[in-house]
Amino acid sequence: MHPATPAPADEPTQHNGSLPAGGLNRRHLLRLLAGTAIAVPAAGLLAACGDDEPAVDPNAPVTVSFFWWGGEARAKLTEEALKLYTSKHKNVTITPTWQAFTGYYDKLATISAGGNAPDIFQLDDNGLAEYAGRNVTLDLSKYTASKKIDVSNHPESLTKYGQLGGKQVAIATGENTPAIIFDKTKLAELGVEAPQVGWTYDQIITWGAGITTKSGGKYWGLMDPSSDYKALWLWLRAQGKEFYDGPKIAFTEADLVAWFQLWVDARAKGATPPADVCHEAVTGSVATQLVVTKKAAVSFMWSNQLSEMQKATKNDLGMTAYPGDPKGQWARASTYWAASRTTKAPDVVADIINFLANDVEAGKILGVDRGLPNNLDVRKAVSDALTDQKMKDTVAFENEITPKFGPAPAPPPKGHSGLRNTLRDIAETVSYGKATPEAAAKQFFTEAASALA
Amino acid sequence: MALTTASRPALPVPAPAPPPARGRRKKNYASRRSEGLAGYVFLSPWLIGLMAITAFPMLLSLYLSFTNYDVLSSWEFVEWVGFDNYKKIFTLDPTFWQSVRVTLTFGLIAIPLKLAASLGVALLLNKERRGVGLFRGMFYLPSLLGGSVALALVWVAMFNREGAFNAGLSLFGIEGNNWINDPDWALSTLMVLTIWQFGAPMVIFLAGLKQVPTELYEAAQVDGASKTRQFFHITLPMLSPVIFFNLLLETINGFQGFTSAFVISNGTGGPLGSTKLYTLHIYDKAFTDFQMGYASALAWIFLAAIGLITIVFFSTGKFWVHYSDGEN
Amino acid sequence: MARVRGWVRVLALLGVLAIVLYPLIWVLGSSLKSPTEVSSNLSIWPQELTWSNYSDGWSYIPGVSFGRFFMNSIVISLATVVANAISCLVTAYAFARLRFWGRKGYFALMIATLLLPGHVLIVPQYVLFSEFGWIDTPLPLILPKLLATEAFFIFLMVQFMRGIPRELDDAAKIDGCDPYRTFWHVILPLSRPALITTAIFSFIWTWNDFFTQLVYLPSVPSYTVPVALRLFIDSSGQTSIGPMLAMSVLSLLPVFLFFLGFQRFLVQGINTSGLKG
């Protein structure tokens, strides 16, 4: 659907000349299965191989399709920034399409399978390796090396978090950090201090149990994050461990048992609500968080979600780091820009990505909607111009925690998007009391072995 | 036999065979040939659609079920893996068995109840009175909501701990559960949702009731048959093709149910996989795990199972479905 | 006595109706809740009436009003109604009434196309339509319906046609009608209930269909109502539940009116004796 100009039959749309000739290609597949009943139109069929680099006239008209997920505010900002680009590059037409997160990846996968991947599209670290690892994305290393995409003024760890197998597969759209968001109004009502950066898990659990007691038992201290991969990941990293080592799980069954046990004990102490209440918030959607529905004082979120959560409740919200040593944190991409390997205008695509990442005017338009801007100059300019108090809080939080960051790990490997659901479902068997931490951990490792294979 | 006229359609008598005559047979042959030609003429849009649009995706998915197709890698990397996917499904996939259990429980309870509700309401709303259309419309309204995102919010508001259902229960002094978030009850809330949207079979029943020739009832009344007798001897037999249709299609659609389960569990099939219908498992494998080959194998296993049920339905249908065209 | 029983029946019906409609009234009530209330207050009554949800929702999407989405949905739904009604009726006539070689086999194939879960067909279908060059056009949403790809409606019509007494065809045959004229003069007039049912469902199901429309509609201005409704809730970030519920309420209106309009034609229409004559 995306490329507004259909590919002529003689243009290379798949670059795989080096593959064994015996491999199946789509033309064969179609012929094979369709028999003669279908008149397959000759135009539009994919040619299996061809010249890799057609001659490029920098001023020839180019159409670039552009796809992201988000809400209405993001749509406004992004379309405006893209208009700024096309006003400076008259030969470029950008066809933007957006939708909400639900269904985004389904559509992206489907149109990619049909050979119509958008020229530029948004990914998150859950999808990055799925797409880059299957060669859907364009290798941007060439452009970062030649500074056509200039990452020299980006935090190094943020750039690194867009690399897989030594290739720059995507550029972060901005920096974002997991953060706990808490209900200040409620804490003041109960006369409880706010949680702090660097609290241990034991500290926050004891603190949470205190809230539950003080409120009389129908309001809880904190959400149970045991089913949340990013909480587990930070917990591991705070102890100097890792979630993944390349395509494998880096932690042990004993680690996972300890993690599950930590939250079994927390529930026993009354710090977290029963499993059925936690399940209401388990998908991470802003509107169902226990802080918003006023069932618990703490939700485990992302720092850039503060402003949106604040709109859903009258109580004043605050934010701080996840418990544990903040060295477990790193400059994390909130989302990425990736390009399609089959794009017909790779240079233009790279230039647009560079524009969005480094242009100050574009940065001012985009603001902190996709996290703090990568480029530190842009970041400064954007931060100074903010008016929304909660967005300012987000920036202040990022600035506070950035110096404490540890080194960036590699993005999660292929298979991660399924595995994090596996973790969610298995962790819930523990919280619902249907499995012991030991049995659940064992089950997780069995399923992980086949998911990552 | 008081009810001869009324029960006639229940036992259709084939028209007496014409006496064998040479000329007649020849003419028959010609007309049969022209009928055969007409058959293909009328069938042609569907045949073209089958060959050009429907068959290819189905056959491709059958082929893919024997491969490791992962959606995103280019087609050159598709490898034939024989029966591996099928073997894995039956031996190494606990979620498969879980989803089969959930789907069977769901289907065996929700489908009959939905059919009963729709038939009952259709019978109540069959008589043309003032405002009956509005009543039909209002009973249809829940189905109009379809798989809308609003459903997710509504069902939470009805069936979580603070929900409307518990408010109702508390009137009787009962303290309710967190139904929709309780692994033992979440499936029941999904069944209630499915039954609640009974509009489609209701309309089909209504349309079927409209097709029962009024003269049958008139004749029965003349014969002094009671309402109950009329129902069992006229309405039910005359409605049986439509009952058969609804039974079969609700079974197929019920076992294929996806959207409402997906929407009210926010795509998780939770809690604890208790609402993970078979199609949700297919979806997870296809679009979350990118194992489209595997998902296709799951889908073809489903096709085989539901195909078997369909065959059973058609063969038992001979005994209870009465067609006015005199065939079975 | 009969009068009392009639009243009891009406009351029972109203009671059932109240329960059935309660969730929808909840949607209506919640569509008037403010953003800070909608997640935390599950009751049916809004604390403060926020009518602006309706105006906000209508113009929520930058540059495209909700009216546009309604138009897109109406066009696609009506086209589907017409395409399904025509193509499925002729196909059903072949299956229900005509004898030709391979009929039973084709019928079984037709039923079989109903049985495969759709999620494994999305990608192959997309690939196919992409080969046809149909991407970026509304063709994938409409053209297949003209080729009777909706087996549900074919089977529905077959079941209805088989309820039409065969003596009518035979009478027409004796009067010299060939299969085409029999179709036109006998079957078509008597297929009204089936056609009305098909029209109602085609419209409503297309109106509510999310996934195919999501995949094949190329840009925001071409989105339909169900696709547009999901723009309000981005689970990872911005969520505007109130306006979404408000637009959900509005989106029920066209289908409700379509239903009311069409169900009126579901009247006792057949009096076969007149035709038997």
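Residue numbers start from 1 in every chain, and the chains themselves are labelled A, B, ... in the order their sequence lines are given, proteins ahead of strands.
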Practice task
Applying side-chain contact (heavy atoms from CB on, under 4.5 Å), run through C:Ile61 and A:Trp98 and close with a yes or a no.
Solution key: CA-CA 11 Å; C:Ile61 310 305; A:Trp98 63 278; 3.8 Å; yes

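- Across all their heavy atoms, A:Ala75 and C:Pro62 have their closest contact at CB-CG, 4.2 Å.
- Residue contact with chain C, scored on non-hydrogen atoms closer than 4.5 Å, involves the backbone and the side chain of A:Thr110 alike.
- Residues A:Ile111 and C:Val215 approach most closely at CG2-O, 4.4 Å, considering heavy atoms.
- The choice from C:Val220, C:Thr137, C:Ile233, C:Asn41 that makes the most heavy-atom pairs within less than 4.5 Å of chain A is C:Val220.
- Residues A:Arg74 and C:Gln238 fail the side-chain proximity criterion, which asks for heavy atoms closer than 4.5 Å.
- The greatest number of non-hydrogen atom pairs below 4.5 Å with chain A, out of C:Leu231, C:Val123, C:Thr239, is found for C:Leu231.
- Both the backbone and the side chain of A:Gln99 come within less than 4.5 Å of a heavy atom of chain C.
- Only the side chain of C:Ile241 comes within less than 4.5 Å of a heavy atom in chain A; its backbone stays farther off.
- Closest approach of A:Trp69 and C:Asp234 over heavy atoms only: CD1-OD1, 3.5 Å.
- Only the side chain of C:Phe211 comes within contact range of chain A, with at least one heavy atom under 4.5 Å from a heavy atom of that chain.
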Exercise for the section: Assess whether side-chain contact (heavy atoms from CB on, under 4.5 Å) is satisfied between A:Thr97 and C:Tyr223, documenting all intermediate values. Expected result: CA-CA 10 Å; A:Thr97 306; C:Tyr223 281 0; 3.2 Å; yes

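- Shown here for A:Gly114 and C:Val127, the closest heavy-atom pair between the two residues is CA-CG2, 4.1 Å.
- Side-chain atoms of A:Lys311 do not come within 3.5 Å of backbone N or O of C:Pro35 as any donor-acceptor pair.
- In this structure, NZ on A:Lys314 lies 5.5 Å from OG on C:Ser34, to the nearest 0.5 angstrom.
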